[in-house]
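What follows is one structure encoded as structure tokens, with my remarks underneath.
Sequence lines set the chain letters: A, B, ... in the order given, protein chains first and strands last, and positions in each chain run from 1. For the numbers below, each heavy atom of this structure counts, side chains included, while hydrogens, waters and symmetry mates do not. This structure is a prediction, so every number in the text was calculated from the model and none was measured.
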Amino acid sequence: MAYEVVEGIKDQQFTAEQYVDSIIKRIEDVDSKIRSFITVDTEGALSSAKIIDRKIKEKEEMGSLAGVTIGIKDNISTKGIRTTCASKILEGYVPSYDATVITKLKQNGAIILGKLNLDEFGMGSTTEYSSFHSTHNPWNLDYVPGGSSGGSGAAVAAGECTVSLGSDTGGSIRCPASFCSVVGLKPTYGKVSRYGLISYANSLEQIGPICKSVKDAAIIMNIISGKDMMDNTSMNSTPIGIHSKLGKLNIAIIKELINGSDNDVTRTVYSASEKFRDIGYSCDEVSIKNVDYALPSYYTLASAEACSNLARYDNLRYGYDFPIEEYKWDAYFNNVRKNFGQEVKRRILIGSYVLSSGYYGKYYLKAKMLRSLLKSELLKLFKKYDLLIGPTMPILPFKIGEKIEDPFKMYLIDINTVLANLAGIPAISIPVGFSDGLPIGLQIMAAPFQEQKLIDASLALEDIIDIQRGPNTI
Amino acid sequence: MNLVMIGLEIHAQITALKSKLFCSCYCNYRDLRPNTNICEICSGLPGTLPLINKKAIEYATMTSVALGCKVPDKIMFYRKNYFYPDLPKNFQITQYNVYGLSSIGADGLFELDDSKKIRITRVQLEEDPGRIVYSDEGMNVRNSALVDYNRAGAALIEIVTEPDFNDPKEVRLFLNKLTLTLEHIGVCDTLLEGAIRCDVNVSMKGGNKVEIKNINSFKEVEKAINYEVTRQTNMYNRNLKIENETRHWDDRKKITFKARSKEEEHDYRYFPEPDIPVIVLGNNFVSNLRGYMPELPNERFTRYLSKYKLTEHTSNILINDKKLADFFESCVKIYFSPVEIANVLITDLKSFIDKDSESTDYLNNMKVTPEHIAELVKLIEGNKISRITAKDILIKIAESGVSPAEILNSTNSFKIDDEKTLKDTIDKIFDSEPSAVNDARNNPEAINFLLGKVMKFTKGRADPKIAADLIEGKLRKSEK
Amino acid sequence: MISIEELKYLAEISKINLTEDEIDKFPSQLNKTIEYIDILENLDSDESIALDLYEINFDELRNDIVKKSDGQPIIKNLTEEGFLRGPKMK
């Protein structure tokens with residue numbers, strides 16, 4: 001846990017260098033099997049650790065995250081460290097600036113360990129769409145770790161870093177958190193700056209923490225949150241208190257989400273809701289009227305934004321090695337962009353389709369309307385209930401390769417998670433059980449900027465249900 | 001003849017800004033080494049977000065107001081998606097009104113003259129792309145495009161008119177009035193290279209519209225329109241169909257030619273810019289802005305007539321030269337004699353301007369200050385110097401920057417109005433011009449000759465009225 | 001539904017070359033998605049609903065101040081004079 005590391009180093013139980021050494025050794029031991037990382041910055045991490053150790057000796061200020069090793073999803077810009085988005089198109093791209101979240105983490109003494117694998121450009125739910133390699137679920141190496149922040153989920157579960165950052169456009173933090181039995185939080189839209197997050201769908205996505213404990217998630221959230229002048233969509237918000245303050249909360253299970261789920265999942269989630277009742281929370285069931293339109297809206301909006309966000313990748317200003325000599329400019333662009341993966345290409349094409357002349361009213365406008373309707377419906381529910389819960393994923397993790405031939409089937413597993421992105425509300429996934437050794441996560445959602453309620457309920461549940469946070473062997 | 005309909009699409013850079021539209025890079029990219037005036041945002045680096053410049057919205061609002069447009073309470077930005085090497089993100093952030101009013105101005109009206117007003121369809125803010133320079137076909141160079149992003153992200157105001165023009169002369173008048181307006185608001189220094197461009201569309205009797213792009217200067221606009229009108233009239237007379245198309249102006253051959261069809265195939269896939277939330281201006285925004293916005297030319301014109309009692313002719317000359325008008329007002333602030341000050345400035349000062357130089361800084365280059373003018377006019381009105389002397393002094397001030405008082409002292413140029421000195425001078429002239437004196441006894445016109453001699457002798461300093469009276473008096477005396 | 005011609009058109013405006021395999025597979029894959037999002041047609045248009053979820057006040061926007069950038073954001077493919085060398089235009 002992050003707070004244990006910080007304490008340990010401050011109390012001089014071990015040095016930062018020793019800790020980082022142990023992490024690097026762990027990566028060496030297991031990453032050839034799990035394959036969470038795209039880039040490991042051993043040198044940088046050790047040098048940061050040495051600086052912390054020197055500061056301890058000289059009794060200097062260290063920062064509240066001193067010694068914590070963080071893996072960063074490889075779509076978040078890190079100055080001087082290759083940032084690829086798991087795409088051939090950005091194979092050689094080294095950013096000249098740090099994302100705001102990175103700056104904040106560094107300012108607080110965190111050690112940037114390396115860049116974690118993802119589905120290319122964040123598009124996918126299993127990390128199988130990475131153009132480098134797939135990541136394997138530490139609980140069962142034949143299984144997917146979830147996506148698109150699969151590397152972030154797997155690395156934390158396997159102990160390859162203390163905590164990690166992921167990004168969540170339609171569930172990309174929560175899905176791997178659920179599949180890897182760790183905690184993943186998607187903040188309220190605007191709570192965390194997106195400056196430096198390489199855009200897939202700008203109106204839907206947020207950067208958030210993936211950690212072994214709820215407390216770690218809250219600590220990281222407090223560091224990375226805040227209005228940023230480099231991001232006009234970011235807003236100010238109050239820090240999250242780490243000790244449960246709010247007492248008994250009113251929660252409701254969303255019927256449609258639980259009805260669409262596998263039996264094992266349903267059973268485990270109902271049993272978690274019982275635990276809430278045990279501690280005095282009231283627990284109802286509610287229905288969401290427009291839930292059937294949510295996933296189609298999500299894919300419409302996300303694809304539309306993606307096709308535009310990815311237009312800049314023409315290899316002129318940055319990218320990979322591809323000589324300009326042979327081609328006229330438009331043929332050059334076409335050939336460079338041939339190297340997008342198939343899923344990225346599909347989404348770009350769908351995006352161009354829904355935005356093309358004549359279709360704007362049919363798809364895009366309708367999708368936007370659904371967002372407003374959904375948000376308004378959820379806000380009404382949040383007047384009555386503090387939290388809305390349900391399974392994070394409707395199914396258990398599945399085998400690598402199982403769904404890849406049918407991209408459409410893959411889309412359907414996002415059905416529970418996209419609601420929070422469409423409405424811009426915060427959502428957390430916490431581990432609540434296993435079935436056949438495969439993790440199951442509970443998703444909790446709250447009204448905008450009510451992360452405190454998520455943390456409170458999650459801390460309460462964590463106290464009662466003791467879920468194993470990392471596999472014993474890999 | 002109302003057979004021809006012409007509409008305009010004008011792009012004016014907001015040269016008054018310090019920074020670009022969406023980032024803090026310097027806005028004036030001219031004369032800088034290529035690709036040095038760029039940052040992560042305007043070069044479109046992954047993960048960067050646009051940060052709109054507040055001042056740009058203010059200037060665009062002023063322009064909308066000057067063009068009689070409605071300004072909405074909330075504005076939005078859209079993405080126009082297309083690929084081109086000078087476009088760092090391969091989309092342009094602009095405004096778009098098709099799905100609802102989002103731009104900074106719409107539905108305006110601009111007075112062309114007493115009988116005609118031009119409807120302004122919309123005013124919008126958008127970013128400039130970079131520049132492509134085509135490299136020469138040198139020995140080693142393989143004919144590649146050279147791109148410079150220094151200009152990418154500079155703020156543009158786009159002004160679109162309805163096709164209300166029927167004649168290229170009207171277009172010229174409009175463009176002159178528009179540039180004057182932009183200058184008066186202070187939004188755009190239209191003399192800067194590339195600061196303002198105009199595309200046109202021409203159609204016959206409401207038929208298919210032909211757009212003409214690539215017109216490099218306002219001088220070429222009239223020529224392009226004339227050519228196109230002729231071309232379309234010919235086709236019309238021969239019953240040939242005029243296609244909806246985009247043509248380019250070739251300013252060497254002086255013709256329009258059909259642009260490559262690829263450029264017409266753009267499906268721009270407009271949608272709202274997700275990184276810029278809807279901007280709430282508020283309902284007091286425009287009224288507040290009007291409070292501190294610079295005066296519009298026609299407002300200033302009216303004020304010159306009513307407050308300063310200048311003639312329309314004089315006011316027009318001043319209004320059409322904003323720097324001179326500003327200078328005029330500085331003078332009047334020091335010494336309230338607007339008619340005389342205007343007189344000195346227009347009649348005397350303006351004639352010093354080197355007409356070839358077209359320097360916008362002529363007032364700065366001459367060393368004349370408002371204090372100088374004020375002092376000069378005080379002297380004229382106090383009858384201390386004649387108007388002719390004043391003009392001479394003005395030349396000296398322009399060259400040296402020395403004050404009128406100092407020049408007067410050093411050159412002894414004060415007006416001569418005391419009778420004794422004048423009488424002495426007149427006596428001298430009478431003695432040296434006996435035949436003229438004789439003529440003058442019979443012919444009053446000849447008195448002017450004598451007066452002229454007196455003025456010449458006194459180097460213009462003599463008070464002509466007093467001198468004339470004295471001459472007449474002396475002639476009468478001598479008759480007796 | 002998307003035909004091969006439409007697919008090629010979309011690929012061209014998105015500036016993406018497709019492989020033979022993709023030209024073959026994509027129409028049916030994309031059509032599944034399009035069929036799925038067609039359901040949005042059934043959503044009743046509600047004129048009263050505000051479409052745009054996020055707003056910002058004019059006062060919160062960036063002031064017109066120049067800041068020189070620290071790094072050199074573009075270093076790839078520059079000529080001696082500093083131009084970015086791009087592929088030929090014609």
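- Annotation: side chain of B/Leu45 is in contact with side chain of C/Pro73 (closest heavy-atom distance under 4.5 Å).
- Proximity to chain C is limited to the backbone of B/Lys20, based on heavy atoms less than 4.5 angstrom apart.
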- Task: Run the numbers on C/Phe83 and B/Val147 for side-chain contact (heavy atoms from CB on, under 4.5 Å), then give the verdict.
- Result: CA-CA 6 Å; C/Phe83 286 103; B/Val147 193; over 6 Å; no
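- A distance-only check finds a donor-acceptor pair linking the side chain of B/Arg33 to the backbone of C/Glu81 [under 3.5 Å].
- Atom NZ of B/Lys54 has more than 12 heavy atoms from other residues, nucleotides or ligands within 6.0 Å.
- At a heavy-atom cut-off of under 4.5 Å, chain C is reached by B/Tyr84, B/Pro85 from residues 84-98 of chain B, listed in order of number.
- Between C/Lys15 and B/Tyr82 the shortest side-chain heavy-atom distance does not fall below 4.5 Å.
- Two residues are said to be in side-chain contact when any heavy atoms from C-beta on lie closer than 4.5 Å; B/Asn35 and C/Leu78 meet this criterion.
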Name each donor-acceptor pair under 3.5 Å that joins a side chain in residues 280-287 of chain B to protein atoms two or more places apart or in another chain, with its distance.
| unit_1 | atom_1 | unit_2 | atom_2 | d |
| --- | --- | --- | --- | --- |
| B/Ser287 | OG | B/Asn284 | O | 3.1 |

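- Using a 4.5 Å heavy-atom cutoff, the side chains of B/Tyr149 and C/Leu84 are in contact.
- With hydrogens and angles ignored, the 3.5 Å screen pairs no side-chain donor or acceptor of C/Arg62 with any backbone N or O of B/Pro50.
- Of all heavy-atom pairs spanning B/Thr36 and C/Lys68, the tightest one is O-NZ, 3.7 Å.
- Counted within 6.0 Å of CG on C/Asp21, heavy atoms from surrounding residues, nucleotides or ligands total more than 12; the atom is thus considered enclosed.
- With hydrogens and angles ignored, the 3.5 Å screen pairs a side-chain donor or acceptor of C/Asp64 with a backbone N or O of B/Ser19.
- In the displayed structure, B/Arg131 atom CZ is contacted under 6.0 Å by at most 12 heavy atoms of other residues, nucleotides or ligands.
- Note: C/Asp59 leads C/Leu53, C/Leu51, C/Asp59 in heavy-atom pairs under 4.5 Å with chain B.
- Contact of B/Ile132 with chain C is made through the side chain alone, with heavy-atom distances under 4.5 Å.
- For the options C/Ile56, C/Asn63, C/Leu61, heavy-atom pairs under 4.5 Å to chain B are most numerous at C/Ile56.
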- Query: After noting the C-alpha distance and the side-chain angles of C/Phe58 and B/Ile57, does the key distance pass the side-chain contact (heavy atoms from CB on, under 4.5 Å) rule?
  - Reply: CA-CA 9 Å; C/Phe58 174 80; B/Ile57 297 181; 3.9 Å; yes
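- For residues 41-60 of chain B, the set of pairs meeting the ring-ring contact (aromatic ring centres under 6.0 Å, His included) definition, not counting sequence neighbours, is empty.
- When heavy atoms are compared at a cutoff of 4.5 Å, B/Cys27 does not approach chain C at all.
- Residues meeting the salt bridge (charged side-chain N to carboxylate O under 4.0 Å, His left out) test with B/Lys18, sequence neighbours left out: none.
- One distance of note links NZ of C/Lys88 with OG of B/Ser144; it measures 9.0 Å at 0.5 Å rounding.
- Using a 4.5 Å cut-off on side-chain heavy atoms (C-beta onward), C/Ile13 and B/Phe83 make no contact.
- Heavy-atom distances place the backbone of B/Leu21, and not its side chain, under 4.5 Å from chain C.
- Heavy atoms of other residues, nucleotides or ligands lying less than 6.0 angstrom from NZ of C/Lys67 number 12 at most.
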